[in-house]
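These values consider heavy atoms only, across backbone and side chains, with no hydrogens, waters or symmetry-generated copies. Computed from a predicted model, the values in this text were never measured in an experiment. In each ligand, atom 1 is the first atom listed, and ligand 1 is the first ligand listed.
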Amino acid sequence: MIVEAPAKLNLSLRVLRRRGDGFHDIESIMVRLPGLHDELEIQAAENDGFSCDAPGVPTDGSNLVVKALNLFRRETGSTDSWNIRLTKRVPHGAGLGGGSSDAAFTLQALNELSGNPVENERLLEIAGALGSDVPFFLGEEVAKVSGRGEKLAVCEPVPAMPVVLLKPSFGVSTPGAYKAWKDSTEIPGIAYGSQAMPWGDLVNDLERPVFAKHRMLAEMKMWLLERPEVNAAIMSGSGSTMFAVLESPDDASTVVGGALREVDPTLWSWSGWTAGVR
Ligand SMILES: C[C@](O)(CO)[C@H](O)COP(=O)(O)OP(=O)(O)OC[C@H]1O[C@@H](n2ccc(N)nc2=O)[C@H](O)[C@@H]1O
Ligand SMILES: Nc1ncnc2c1ncn2[C@@H]1O[C@H](COP(=O)(O)OP(=O)(O)OP(=O)(O)O)[C@@H](O)[C@H]1O
C-alpha cells in the first residue's frame, strides 16, 4: 500500500494558557497541503522493517512511524509484521507537522490493512498519545483544533489559497517555542497582530517567542508583507517555515526569486495550494 502523508499549516494559532501537565491549551485552524507530502510504502513481511531516506530523521524506535506501529500492535495484539519505507519530502523541524502526519497515516493504513479492528474514536486517542499534531491528520483537511491538539471540530468554510512556503536551513524546537511563550517579548517594529482575511484571522502566538530567538524570521515576515503580490504572511506552527498567502498563484516564482536574492539564498521553498473550498 502506498500512502501520501501531507504537511499542514496553522492558519491561526492561539496559545491560551499553560496547563498543569506542561502542555498548553491552544486554538488553531489547521489546513492540509495536499501537494506537499511524504510517502509511506507499507507491505506485509516476514519481519518488521523500517527505512527512511532523509538525513536527520531517526530510523530507530524514536521515529514516529515506528512508534505508531508499536502502539497499533499493542492495541490490537496483532502478530502481523510490516515493512515500511518512508520517503520524506516535508522538511522536519519546520512547523509543517511532517512526522506527525507520517504517524497518523501509518496508524490509519495499518488499521485498514488489518480489517479496521480499531474504532475511529480509539484511533484518535492513540494518535493523541503519539503527538499533539497527530489527531488532526485523522480528521478533515481543514479543522478547528483545541485542547492540546487532540480536540477536532468542524470549522467555517476556508477557501483553498495559493501559498509560498519559505524555510531557512535551521529548524525550531517545538518544546522550546512553547516554553519561551509565556515570558517572551515583542521586537519593536515587527507586526505580530492578526491579519484579517475574508474567512478569519491569520495569527500565530508562537511568533513572539520564536522571533525573539530567530530575528531573521521576523525580518523575512516583514519582507514578505511589503511585497505587492503577498496578501498575508505568517509562521506555521512553531516554525521555522514562514508562509505567504498570494494574490495569485502566478506570483509564486516572483516571490520565491525575490526571497532567494534579497533574504537568504539557501532558503527551502515550496508553492502550491492549501486544502479548502475551491
Ligand atoms: C506547534 C504545533 O505544531 C501547532 O500545530 C503543535 O502545537 C505542536 O504539536 P507537536 O509537534 O505534535 O507537539 P508534541 O510532539 O505533542 O509536543 C512537543 C512539546 O511541545 C510542547 N507542547 C506541544 C503542544 C501543546 N499544545 N503544548 C505544548 O506545550 C510540549 O513541551 C511538548 O512536550
Ligand atoms: N517520521 C518523521 N519525520 C520527521 N521527523 C520525525 C519523524 N519521526 C520522528 N521525527 C523527529 O521529530 C521531530 C519533529 O518532527 P515533525 O516534522 O513532526 O515536527 P515539525 O516539522 O517541527 O512540525 P510541527 O512543529 O508542526 O510539529 C523531527 O525533528 C525528528 O527529529
Side-chain angles (χ1 to χ4, degrees), residues 3 5-33 36-40 42 50-70 84-107 126-139 143-152 165 167-168 170-182 203-207 209-210 234-243 268 270:
V3 180
K8 59 85 179 168
L9 294 176
N10 299 80
L11 297 180
S12 65
L13 176 52
R14 286 287 191 198
V15 181
L16 305 182
R17 66 188 72 81
R18 190 173 187 283
R19 302 162 21 147
D21 62 3
F23 283 85
H24 292 74
D25 282 324
I26 65 164
E27 278 176 0
S28 180
I29 294 178
M30 291 174 70
V31 63
R32 286 190 204 171
L33 290 170
L36 176 59
H37 57 78
D38 291 344
E39 190 175 277
L40 291 153
I42 305 177
F50 175 68
S51 61
C52 175
D53 62 344
V57 176
T59 53
D60 61 6
S62 67
N63 191 291
L64 283 159
V65 169
V66 178
K67 285 185 174 180
L69 170 55
N70 291 334
I84 303 178
R85 191 148 62 97
L86 170 61
T87 304
K88 291 295 298 183
R89 297 195 184 92
V90 181
H92 57 271
L96 300 175
S100 308
S101 185
D102 297 339
F105 284 91
T106 297
L107 271 183
I126 298 170
L130 285 164
S132 306
D133 272 342
V134 182
F136 162 71
F137 289 105
L138 292 180
K144 197 177 278 185
V145 172
S146 61
R148 175 169 71 84
E150 79 286 0
K151 295 183 181 130
L152 307 181
L165 276 54
K167 177 192 174 296
F170 61 86
V172 171
S173 148
T174 302
Y178 273 109
K179 192 158 176 284
W181 165 72
K182 187 165 166 298
V203 61
N204 183 341
D205 289 344
L206 291 179
E207 284 188 336
V210 174
I234 204 156
M235 182 174 80
S236 182
S238 51
S240 57
T241 301
M242 300 300 296
F243 71 91
W268 169 89
W270 180 85

Ligand 2 versus Thr174, non-hydrogen atoms closer than 4.0 Å: side chain, backbone, both, neither? side chain

Does the protein come close to atom 12 (O) of ligand 2 - that is, does one of its heavy atoms sit below 4.0 Å from that atom? no

Quick check: closest heavy atoms across Ala103 and Leu130, and the distance to 0.1 Å? CB-CD1, 4.2 Å

Using a strict 4.0 Å cut-off to heavy atoms of Gly97, name the atoms of ligand 2 that fall inside it. 18 (O), 21 (O), 23 (O), 24 (P), 26 (O)

Polar contact flag for Ser238 and ligand 1 (N/O pairs, less than 3.5 Å): no

Please step through side chain to side chain contact (heavy atoms under 4.5 Å, CB included) for the pair Leu86 and Asp53, ending with a clear verdict. CA-CA 7 Å; Leu86 170 61; Asp53 62 344; 5.7 Å; no

Is ligand 2 under 4.0 Å from a heavy atom in the side chain of Ser62, in the backbone, in both, or in neither? backbone

Using a 4.0 Å cut-off to any heavy atom of Lys8, which atoms of ligand 2 qualify? 26 (O)

Purely on distance, is any nitrogen or oxygen of Ala94 under 3.5 Å from one on ligand 2? yes

protein heavy-atom neighbour closest to atom 3 (O) of ligand 1 works out as Asp133 OD2, 2.5 Å

Distance under 4.0 Å to a non-hydrogen atom of Asp102: what atoms of ligand 2 satisfy this? 1 (N), 2 (C), 3 (N)

Protein heavy-atom contact under 4.0 Å for atom 4 (C) of ligand 2? yes

Mind checking what makes ring-ring contact (aromatic ring centres under 6.0 Å, His included) contact with Tyr178, not counting sequence neighbours? His24

Between Val172 and Ser240, which heavy-atom pair has the shortest distance, and what is it? CG2-CB, 3.7 Å

For Gly99 and ligand 2, does the shortest N/O to N/O distance drop below 3.5 Å? yes

Kindly determine whether Lys88 and Asp102 satisfy side chain to side chain contact (heavy atoms under 4.5 Å, CB included), including the steps that lead there. CA-CA 9 Å; Lys88 291 295 298 183; Asp102 297 339; 3.0 Å; yes

Any chance you could lay out the side chain to side chain contact (heavy atoms under 4.5 Å, CB included) test for Met235 and Leu13, step after step, and finish with the verdict? CA-CA 10 Å; Met235 182 174 80; Leu13 176 52; over 6 Å; no

Could you pull out all residues at least two apart from His37 that satisfy ring-ring contact (aromatic ring centres under 6.0 Å, His included)? none

Short version for Asp133: what comes under 4.0 Å of ligand 2, heavy atoms counted, is side chain

To which protein heavy atom is atom 7 (O) of ligand 1 closest, and what is the distance rounded to 0.1 Å? Tyr178 OH, 2.6 Å

Going by the order shown, which atoms of ligand 2 are within less than 4.0 Å of some heavy atom of Ser238? 25 (O)

Would one find an N or O of Leu64, backbone or side chain, under 3.5 Å from an N or O of ligand 2? yes

Ligand 1 contact on Ser100 by region, counting heavy-atom pairs under 4.0 Å: side chain

Contacting atoms of ligand 2, where contact means under 4.0 angstrom from a heavy atom of Leu86: 1 (N)

Honestly, for Arg18 the part within reach of ligand 1 (heavy atoms, under 4.0 Å) is neither

Quick one: does ligand 1 sit under 4.0 Å from the side chain of Val134, the backbone, both or neither, non-hydrogen atoms only? neither

Less than 3.5 Å between some nitrogen or oxygen of Asp38 and one of ligand 2, yes or no? no

Short list, please: which atoms of ligand 2 are under 4.0 Å from a heavy atom of Ser100? 18 (O)

